[in-house]
Visitor: 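Attaching a single structure in structure tokens format; questions to follow.
Predicted model, so just to flag it, every value in this text is computed and none were measured.
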Amino acid sequence: MVAADGVHSAVRGCLFPGVRARYAGATSWRAVIEDTAVIDDRYIAIWGPGAEFGALRVSATEVYWYGYFLSPPNAVFDDEVATARAMFADWPRAVTATLAATRPSELMRHDVHHLPQGLPSYTRGRVVMVGDAAHAIMPTVGQGVATSLEDAACVGRLIAAPAAQAKALGPALAAYDRARRPRCRKIARQAIMVGRVASHLGGGRRQSVRNALLRSVPAGRLANVFAAELVNWTPPPPTSQLPHLTPPTPPRCGPANSTRSPPEPEPNNAR
């Protein structure tokens, strides 16, 4: 079974009851709007005290933007568009013009939750965790969807292919966990770190100090540091080429101190 039921995963709550998503201290507006001729073909990200604005052209006629800001959880605004415009009123023209072109029907906002400690394993018995159910991360490095797509590629390459050949499932699941968990945990830690120096950084002198430090580093070198860790990923070799794999432990649904015995494993050729 593939558990892809999101950041508040019911499957994760059953198999890993001690791991719960935590509020990241921020909420985020998002919208796809008609082209304003303000955003060019580059992705832009602007950091400010307790907030971040980003935008990217997604088609010849549409622009996607987000406005991420620190906020108590479950905040309610009578007028979301007016609140967004007021919050970013003194930001650069690319921001204010984009917000001015946004209609209420185009805007959504969600609180941001993540799994700061991660899971002890991305598999349990015959269950494999993918996407936010396995590794919900803060959006500060923009890798949530990317890592989910990587998960899907690995499920197909490491699990689906051996299963279609009626091979043992345990080694395939173990291969998936070994391929995905170290990388996703590293990205999650990077997201927290970037948040601390970007949108989660307070105002005043801290902003000018950070900006001065960033300007002192050549742009190409700074980009390469992150690209090497985030972008340069290739799928792992097939499971058959990964020797000495240990099958995962059987699943247990409920409290960690449950006295129930785990279910008996099925034969490898069971359907």
Side-chain angles (χ1 to χ4, degrees), residues 1-22 110 112-139 141-191 227-254 262-271:
M1 178 177 128
V2 177
D5 52 341
V7 63
H8 300 295
S9 169
V11 177
R12 186 184 66 234
C14 177
L15 299 180
F16 303 93
V19 180
R20 296 184 179 181
R22 182 185 303 174
H110 295 94
V112 177
H113 294 80
H114 66 141
L115 296 172
Q117 303 303 321
L119 290 177
S121 173
Y122 286 179
T123 69
R124 181 62 62 88
R126 291 177 176 266
V127 179
V128 56
M129 312 294 296
V130 302
D132 282 351
H135 46 72
I137 64 176
M138 292 172 59
V141 292
Q143 290 296 301
V145 173
T147 52
S148 297
L149 292 174
E150 292 175 7
D151 290 347
C154 288
V155 167
R157 192 174 180 86
L158 301 178
I159 300 176
Q165 300 172 18
K167 292 184 178 180
L169 189 59
L173 292 170
Y176 172 84
D177 183 61
R178 294 177 66 168
R180 296 304 301 148
R181 189 156 49 94
R183 170 172 169 78
C184 292
R185 289 302 307 134
K186 188 170 186 177
I187 292 175
R189 291 191 293 269
Q190 287 181 325
E229 297 292 341
L230 301 178
V231 180
N232 295 336
W233 178 85
T234 56
T239 304
S240 60
Q241 298 180 23
L242 297 176
H244 309 302
L245 300 175
T246 304
T249 57
R252 173 181 292 179
C253 182
E264 291 294 329
E266 298 180 10
N268 291 333
N269 60 354
R271 294 291 183 183

Visitor: Would you indicate whether the side-chain heavy atoms of Pro139 and Val112 approach each other to under 4.5 Å?
Guide: yes
Visitor: Any idea which heavy atoms bring Pro236 and Trp233 closest together, and the distance?
Guide: CD-CZ2, 4.2 Å
Visitor: Would you check if the side chain of Arg12 reaches a backbone N or O of Val7 as a donor-acceptor pair within less than 3.5 Å?
Guide: yes
Visitor: If I compare all heavy atoms of Leu158 with all of Pro162, which pair ends up nearest, and what's the gap?
Guide: O-CG, 3.2 Å
Visitor: Parallel under 30°, tilted from 30 to 60°, perpendicular over 60°: which one fits the rings of His113 and His8?
Guide: perpendicular
Visitor: With a 3.5 Å distance limit and no angle check, can you tell me whether Arg183 reaches the backbone of Leu230 through a side-chain donor-acceptor pair?
Guide: yes
Visitor: Assess whether side chain to side chain contact (heavy atoms under 4.5 Å, CB included) is satisfied between Gln190 and Gln143, documenting all intermediate values.
Guide: CA-CA 10 Å; Gln190 287 181 325; Gln143 290 296 301; over 6 Å; no
Visitor: What do the steps show when you test Leu169 against Arg126 for side chain to side chain contact (heavy atoms under 4.5 Å, CB included), and what is the final call?
Guide: CA-CA 8 Å; Leu169 189 59; Arg126 291 177 176 266; 3.4 Å; yes
Visitor: Are any of the side-chain heavy atoms of His135 and Arg185 separated by less than 4.5 Å?
Guide: no
Visitor: What distance do Ser121 atom OG and Arg178 atom CZ have between them, rounded to the nearest 0.5 Å?
Guide: 12.0 Å
Visitor: Could you grab the distance from atom OG1 of Thr147 to atom CD1 of Ile137, nearest 0.5 Å is fine?
Guide: 5.0 Å
Visitor: Minimum heavy-atom separation for Val19 to Gly118, with atom names?
Guide: CG1-O, 3.8 Å
Visitor: Could you report the tightest heavy-atom contact between Thr123 and Leu173, atom names first, then the distance?
Guide: CG2-O, 3.4 Å
Visitor: Taking all heavy atoms of Met129 and all of Val11, pick out the closest pair and write down the distance.
Guide: SD-CG1, 4.2 Å
Visitor: Do you know which two heavy atoms are closest between Leu119 and Ala133, and how far apart they sit?
Guide: CD1-O, 4.0 Å
Visitor: Strictly distance-based, threshold 3.5 Å: is any side-chain N or O of Tyr176 a donor or acceptor partner for the main-chain N or O of Asp151?
Guide: no
